[in-house]
Amino acid sequence: MSAEFLQFLFSGVTLGATYALVGLGFSIIYNASHVINFAQGEFVMMGGMGTVFFLGLGLPMPVAILAAIALTTLFGFGLERFAIAPARGASVVTLIIITIGASIVMRGLVQVVWGKEFHAIPSFSGDEPIMIGGATILPQSLWVLGVTVLLVLALRYFFEKTIMGKAIIATSLNRDAALLMGINVRLVLFISFGLSAALGAAAGILVAPITLTNFEAGIMLGLKGFCAAILGGLGNGMGAVAGGMIVGIAEAMGAGYWISEYKDAVAFILILLVLFFKPSGLFGKTGTERV
Amino acid sequence: MLKIENLTSHYGRIQALHGVSLEVNEGELVALVGGNGAGKTTLLRTISGLQGASGGSVSFEGTDITEMAAERRVNLDIAQVPEGRQVFTALSVEDNIRLGAYTKSDKAEIAADMEKMYGRFPILKEKRNQAAGTLSGGQQQMLAMARALMSRPRLLLLDEPSMGLSPVLVMEIFSIVEELKEQGVTIFLVEQNATAALSIADRGYVMETGTISLTGTGEKLLNDETVKAAYLGI
Ligand SMILES: Nc1ncnc2c1ncn2[C@@H]1O[C@H](COP(=O)(O)OP(=O)(O)O)[C@@H](O)[C@H]1O
Ligand SMILES: [Mg+2]
């Protein structure tokens with residue numbers, strides 16, 4: 001493996017991990033409601049911008065991060081309670097349009113309240129590159145990867161081992177049968193939006209020290225995460241993780257070996273190819289709809 | 001125990017129930033028979049709360065539950081085995097059964113109940129780690145029943161448990177239904193298989209196009225000329 005290739009791979013998996021988290025957020029909400037939440041990217045942005053804001057208040061980093069995640073989670077809950085729940089019974093397309101509206105509102109709010117400037121969050125543990133096999137990796141990339149792995153494992157545990165997680169899967173599989181079990185499906189939807197928002201915020205915070213953030217940072221991250229979710233088969237959590245990695249690595253290789261201006265196009269070319277040849281996603285959705 | 005008065009229900013502008021009144025007393029096994037499209041499933045779904053009522057009332061042990069959310073009715077000890085089983089296909093057999101006790105919190109009690117279900121339906125124990133969607137129709141029916149029983153219901157609503165099953169399996173399902181009745185569970189059994197249902201029922205109702213057209217003891221209905229002609233194929 002050449003050092004150059006390894007270098008592209010490092011940046012690919014870092015990006016990929018971020019897209020994976022965003023894609024997971026799409027999958028969780030999709031499973032619970034069959035809604036594609038186009039405000040997912042704004043959750044990501046709000047995580048980063050929220051951290052900037054709380055750091056600005058003089059809070060220590062860990063506190064600022066938790067506060068930003070909490071704030072974003074509140075927005076997730078609010079989106080469900082005040083925009084999605086009142087439209088109960090509306091078509092899925094209507095709900096999707098509502099999420100697009102919500103994304104515009106969130107971007108507008110952040111722009112008005114926190115401004116348009118780009119901000120950097122300090123790296124969690126310095127900026128001293130680490131040499132591996134002739135290539136370098138930023139400590140922040142290791143944070144991105146490590147936390148992503150932990151979050152994915154925690155989610156798997158939640159959905160496979162806890163009764164609440166199973167109730168969410170049951171609701172996504174058969175809403176009526178879930179109601180007959182006594183599962184409060186509105187609560188499931190509420191929790192799913194909160195969980196997705198928290199995941200999105202985490203992704204936004206992890207990547208902000210590498211990519212900078214501003215009120216529009218969520219648009220591209222949201223779209224890439226959406227590509228990851230589609231690539232893995234909408235609603236398939238582990239598929240979204242794999243999809244995120246594929247998009248991230250393809251993008252980094254495309255930028256490295258091809259033309260860096262077109263790196264954003266790579267994700268969309270991938271998604272078109274997948275939709276054309278295998279519309280259910282690379283990993284389909286057969287059998288297990290678990291995250 | 002269950003009292004339904006003048007119940008109506010609509011699907012958009014289509015009216016499926018035209019003023020249904022009936023009663024199920026504690027400890028009884030009551031059968032509801034009727035042809036395809038008569039409104040039996042709609043009635044059961046209105047009792048369990050999956051389908052809204054547009055008029056009339058459903059009361060359970062004296063409390064009006066017409067407007068109560070479906071998920072809260074489970075806490076009153078009402079359980080439904082829906083038409084077409086509706087198991088959680090991608091989840092394991094064990095997870096399906098466990099979700100039946102979603103409203104329960106006593107871990108030891110849940111574990112004991114699961115063992116009970118495995119004792120009653122040994123095939124489910126054998127397939128406990130398999131996805132429910134891989135089970136045969138009869139096995140899925142048993143799973144749907146086990147799942148419903150996990151909530152320890154006092155009123156069990158069964159929607160065509162014999163649908164699509166071989167005669168041997170139908171016998172097995174019906175003997176389980178009788179056994180549950182003996183254990184004190186009140187049962188409201190919806191069936192197109194009128195002969196089988198009426199022969200184990202204390203009382204029965206015949207439903208036609210959204211209304212009750214006939215009622216009486218199971219035996220009386222079995223011997224009724226119009227019932228014979230319309231539903232028993234005699
Ligand atoms: N989801 C639905 N949308 C519209 N009409 C329905 C729906 N489900 C049932 N119906 C209509 O309601 C009537 C009663 O149906 P149903 O309760 O399923 O009858 P049964 O269980 O006795 O076969 C039928 O005329 C049927 O076409
Ligand atoms: Mg029916």
Side-chain angles (χ1 to χ4, degrees), chain A residues 27-28 30-34 85 88-91 155-192 232-240 280-281 283-291, chain B residues 12 41 44-45 47-52 68-92 94-105 107 110 130-134 140 143-153 156-159:
Chain A
S27 287
I28 290 170
Y30 178 81
N31 272 342
S33 62
H34 296 277
R88 195 153 38 100
S91 72
L155 278 178
R156 280 195 78 131
Y157 179 84
F158 175 67
F159 282 106
E160 287 179 14
K161 299 282 184 248
T162 71
I163 191 70
M164 191 65 218
K166 286 173 188 174
I168 293 178
I169 297 176
T171 304
S172 79
L173 292 170
N174 191 325
R175 189 176 176 277
D176 280 352
L179 281 168
L180 291 178
M181 303 300 102
I183 296 168
N184 183 341
V185 301
R186 276 161 302 170
L187 181 69
V188 163
L189 200 56
F190 188 66
I191 291 175
S192 302
L234 250 185
N236 177 340
M238 285 308 130
S280 61
F283 310 100
K285 211 188 161 182
T286 41
T288 51
E289 298 201 27
R290 48 188 55 199
V291 171
Chain B
T41 296
L44 273 203
R45 287 171 57 89
I47 298 172
S48 59
L50 294 181
Q51 167 78 15
M68 186 185 276
E71 74 269 12
R72 289 185 42 217
R73 300 186 194 199
V74 183
N75 291 320
L76 301 177
D77 302 332
I78 302 175
Q80 183 186 355
V81 179
E83 185 178 75
R85 301 74 155 112
Q86 313 292 335
V87 296
F88 302 115
T89 47
L91 289 175
S92 71
E94 182 141 312
D95 283 350
N96 271 267
I97 297 176
R98 174 63 186 83
L99 280 164
Y102 178 78
T103 54
K104 300 273 179 269
S105 48
K107 288 235 165 71
I110 293 171
Q130 248 168 271
T134 65
Q140 288 194 14
L143 178 56
M145 290 184 79
R147 185 179 67 173
L149 291 173
M150 284 299 288
S151 67
R152 298 192 167 190
L156 184 62
L157 311 168
L158 294 164
D159 196 347

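So that the names make sense, note that chain A is the first sequence line, chain B the second, and so on, each numbered from 1.
No donor-acceptor pair closer than 3.5 Å links the side chain of A:N174 to the backbone N or O of B:F88. Distance alone, capped at 3.5 Å, is enough to place a donor-acceptor pair between the B:R73 side chain and the B:I47 backbone.
The greatest number of non-hydrogen atom pairs below 4.5 Å with chain A, out of B:L50, B:I78, B:T103, is found for B:L50.
When heavy atoms are compared at a cutoff of 4.5 Å, A:R175 does not approach chain B at all. Within the 4.5 angstrom heavy-atom criterion, no atom of B:S151 approaches chain A. Heavy-atom distances place the side chain of B:A69, and not its backbone, under 4.5 Å from chain A. Of the two parts of B:A79, neither the backbone nor the side chain holds a non-hydrogen atom closer than 4.5 Å to a non-hydrogen atom of chain A. Proximity to chain A involves both the backbone and the side chain of B:L99, based on heavy atoms less than 4.5 angstrom apart.
In this structure, CG in B:L157 is found 11.5 Å from OG1 in B:T41, a value given to the nearest 0.5 Å.
Residues B:Q51 and B:L44 fail the side-chain proximity criterion, which asks for heavy atoms closer than 4.5 Å. Side-chain contact between B:R45 and B:E83 is absent, with no heavy atoms from C-beta onward closer than 4.5 Å.
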